[in-house]
There are 2 protein chains.
Amino acid sequence: MQQHLPTIVDIAQQLGISKSTVSRALTGHPNVNSKTRQRVLDLAEQLDYQRNQLAISLLTSQTRTIGIIVPEFLSFFFPKVIIGAQEVLAEAGYNVVICHSNESYETEVTNARALMASRVDGLLVSHTKDTRNFDHFRIFQRKGIPVVFFNRVCEDMSVSKVTVDDYEGAFRAVEHLIQTGRRRIAHLAGPDSLPNSRHRLNGYRDALRHYQIPEEAELVISYDLTLEKANIYVNHLLNLPQPPDALFAVNDPTAIEALKVIKGRGLRIPDDIAIVGFSNDPASALVEPGLTTVAQPVSEIGQQSARLLLRQLAAEAAAEPETVILPTELIVRSSTVG
Amino acid sequence: MQQHLPTIVDIAQQLGISKSTVSRALTGHPNVNSKTRQRVLDLAEQLDYQRNQLAISLLTSQTRTIGIIVPEFLSFFFPKVIIGAQEVLAEAGYNVVICHSNESYETEVTNARALMASRVDGLLVSHTKDTRNFDHFRIFQRKGIPVVFFNRVCEDMSVSKVTVDDYEGAFRAVEHLIQTGRRRIAHLAGPDSLPNSRHRLNGYRDALRHYQIPEEAELVISYDLTLEKANIYVNHLLNLPQPPDALFAVNDPTAIEALKVIKGRGLRIPDDIAIVGFSNDPASALVEPGLTTVAQPVSEIGQQSARLLLRQLAAEAAAEPETVILPTELIVRSSTVG
DNA sequence: CTGTTAGCGCGTTCAG
DNA sequence: CTGAACGCGCTAACAG
């Protein structure tokens, strides 16, 4: 049973002064007798008084709270982005509310509604892989509440965005495979619905083209990023009459699953088949052989997103949306070079 | 620039009715003409109306929001606990706000204050390793806002708690080492301030005692859980005149760091030295050799914590605190048995 | 320096 | 079935 929490009126009554004076004392307003202020402060402390942020937000119609919606947070990626964003936001005096859509479009819509209902001042979003309709985010935009997309961005919305150069990262990864002598390079791609997947696929294709290696349709498989499927497709690739001599995976979990399957079949890595992942998940340094991968500046994604949001928040009128594309870096480990 | 968000008054004026009627229509009150209700609902949809949760919370003095404070969320553990808790809480109609103290006592206090200011209905907490003073949580308790501790629990507070049987888990782990022939078993323990660490240490000690193996003081090192220190201490242990033939680590990151150091020195695992971790981090299955570890029912910790909190919330008067101790399970992998 | 008043958006009496 | 009035806790504008 929750008891009555003390309010400024309680303090005012006990001290025999008006609630305005209490309010002023508490907020550090200059025009208060220093003795009165001290009495207020002392009593507040004694009563464990905490200002009711709800009432203040209702009054000022700003909550100084930013909502973050992410599709998952079991892998290291999103937690690390969130921490990066939180650093910047906390410094600017904003709180952070994290919502987890669990890759479910319906949950994402529910999350967005809840954040709207609780009147967040801004939104940081990486959408689910099934999100095709972005109306639940457009509503924020229409109300003048800034939205910044990161990692998984909506290409149709005119808002600020932070991504990495997926195309370039993929190009360099495949180039590395080619330069280390690989010719039949498979690509386990992500779902078409995600721009990231498409950009990585394009990087893969252009690298092959650039080095005049014909693309084999049978070596490219798009899938939904569930590990069970990854398992099936890797086995499928290995069973081909002409199996690949390298695999470029859309992300590290996929690459690590592939690594397990390949080792399980007694093939040697990288001798028989080389593997490259994407993101530089801490696990990629742990597996054996170490996984070559395309590193993303994860914390920086969060920090930059927060900064773009802050800039929108500071702008009087609707500010021009900005797009930041962060560089990637190829981390070469033993899964590609003996 | 944030625009004016539509309120029930806006809807009422456009429809030429009173805001009470709009309120009733929106909340599904029975006594509303169905035609009027439909007109309200239509206009609300058209205006993207979202009820202002702030105002409602201020009025009802309940936010239907639960705060969760965790010390970190880069390892898999806390995210998974949070997801478990969220499932249960969402089903009961509660939202979740996650705060990340980053193992900083000051941040934890700030988080607690912010959650109090935003009037959460309840609190789920795992405190930092430096938290000695729990006054910032006692305030909630005193106000009748239920608090549930999980994983890292405050032994001095009379609130509901969810932990695993650390003692038993540690005992079984060390017993396993003894039964596979180890005699000089080192223990890299966590800080004394954490009950978990102490219980695991006790389990270690009692297992040795039970099998009449004398405890060597030089083989037990408590540390602050930073990986750099782990590295130093593992090297120190290996440099002893009589190095250990087994290592029981307080958690999996520590064990994995140890594994790297040991392999780096050209020692064989488990032949020269066996390793056991704690928690069954996904990474423990990835490293080579696979890490033997004590698994915790992670999602269940979250679910149970949420259920205990819900029970407190439902209780009219202050409900009796409950303590749930979940079982662990030893997962044997190649780091202990060839 | 301090008190009074108004109102943020809403649900809920209490009258019609 | 509907409307008017009140108050949740707080800050800001206005008067002393």
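Model, not experiment: these values are computed from the prediction. Worth knowing before you read on, the calculation uses all heavy atoms, side chains too, and leaves out hydrogens, waters and symmetry mates. Quick note on labels: first sequence line is chain A, next is B, and so on, each numbered from 1.
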Once you apply a heavy-atom cut-off of 4.0 Å, does A:Ile56 come out as touching a base, just sugar-phosphate, or nothing?
sugar-phosphate
Between CZ of A:Arg39 and P of C:dC1 the distance, given in whole Å, is 15 Å
Using OP1 and OP2 only, check whether a side-chain N or O of B:Arg24 sits under 4.0 Å from D:dG3.
no
Please give, in whole Å, the distance from D:dC10 C1' to A:Ile11 CD1?
12 Å
With heavy atoms under 4.0 Å as the rule, sort A:Thr7 into base, sugar-phosphate or nothing.
sugar-phosphate
What is the separation between atom CG on A:Asn33 and atom P on C:dT2, rounded to the nearest whole Å?
5 Å
Nearest 0.5 Å, please: how far is CD in A:Glu72 from CD in A:Glu103?
6.5 Å
Tell me: CG of B:Leu59 to C1' of D:dC6, nearest whole Å?
10 Å
Evaluate the ring planes of A:His100 and A:Phe73, with Trp represented by its six-membered ring, and classify them as parallel (under 30°), tilted (30 to 60°) or perpendicular (over 60°).
parallel
Would A:Phe76 and B:Phe76 count as a close aromatic pair, with their ring centres under 6.0 Å?
no
A:Phe150 ring center within less than 6.0 Å of A:His127 ring center:
no
State whether a side-chain donor-acceptor pair under 3.5 Å links A:Gln38 with A:Asp42.
yes
Please classify the nucleic acid contact of B:Asn31 as base, sugar-phosphate, or nothing, using heavy-atom distances under 4.0 Å.
base
B:Leu15 CG to D:dC1 P, in whole Å, measures 17 Å
Tell me whether the OP1 or OP2 atom of D:dG3 has a side-chain N or O from B:Ser18 closer than 4.0 Å.
yes
Are B:Thr65 and B:Tyr94 close enough, and set up right, to give a side-chain contact (heavy atoms from CB on, under 4.5 Å), and what steps lead you there?
CA-CA 5 Å; B:Thr65 297; B:Tyr94 283 89; over 6 Å; no
Whether the side chain of A:Ser20 and the base of C:dT4 hold a donor-acceptor pair under 3.5 Å is what I'd like checked.
yes
Which part of the nucleic acid, if any, lies within reach of B:Ser57 when heavy atoms closer than 4.0 Å are counted: base, sugar-phosphate only, or nothing?
nothing
So, does the side chain of A:Lys19 form a donor-acceptor pair with the base of D:dT11 at under 3.5 Å?
yes
side-chain N/O B:Arg51 vs C:dG11 OP1/OP2, d < 4.0 Å:
yes
Identify whether any heavy atom of A:Thr60 sits under 4.0 Å from a base atom; if not, whether one sits that close to sugar-phosphate; answer base, sugar-phosphate or nothing.
nothing
Please work out if A:Ile17 contacts a base, only the sugar-phosphate, or nothing of the nucleic acid, heavy-atom cut-off 4.0 Å.
sugar-phosphate
For D:dC10, does either OP1 or OP2 sit under 4.0 Å from a side-chain N or O belonging to A:Tyr49?
yes
From CG of A:Leu58 across to P of D:dT11 the rounded distance in Å is 12 Å
Could you give the CZ-to-P distance, from A:Arg37 to C:dT2, as a whole number of Å?
9 Å
Looking for any heavy atom pair under 4.0 Å, which part of the strands does A:Thr36 touch: base, sugar-phosphate only, or nothing?
sugar-phosphate
Atom CD of A:Gln53 and atom C1' of D:dC8: how far apart are they, to the nearest Å?
15 Å
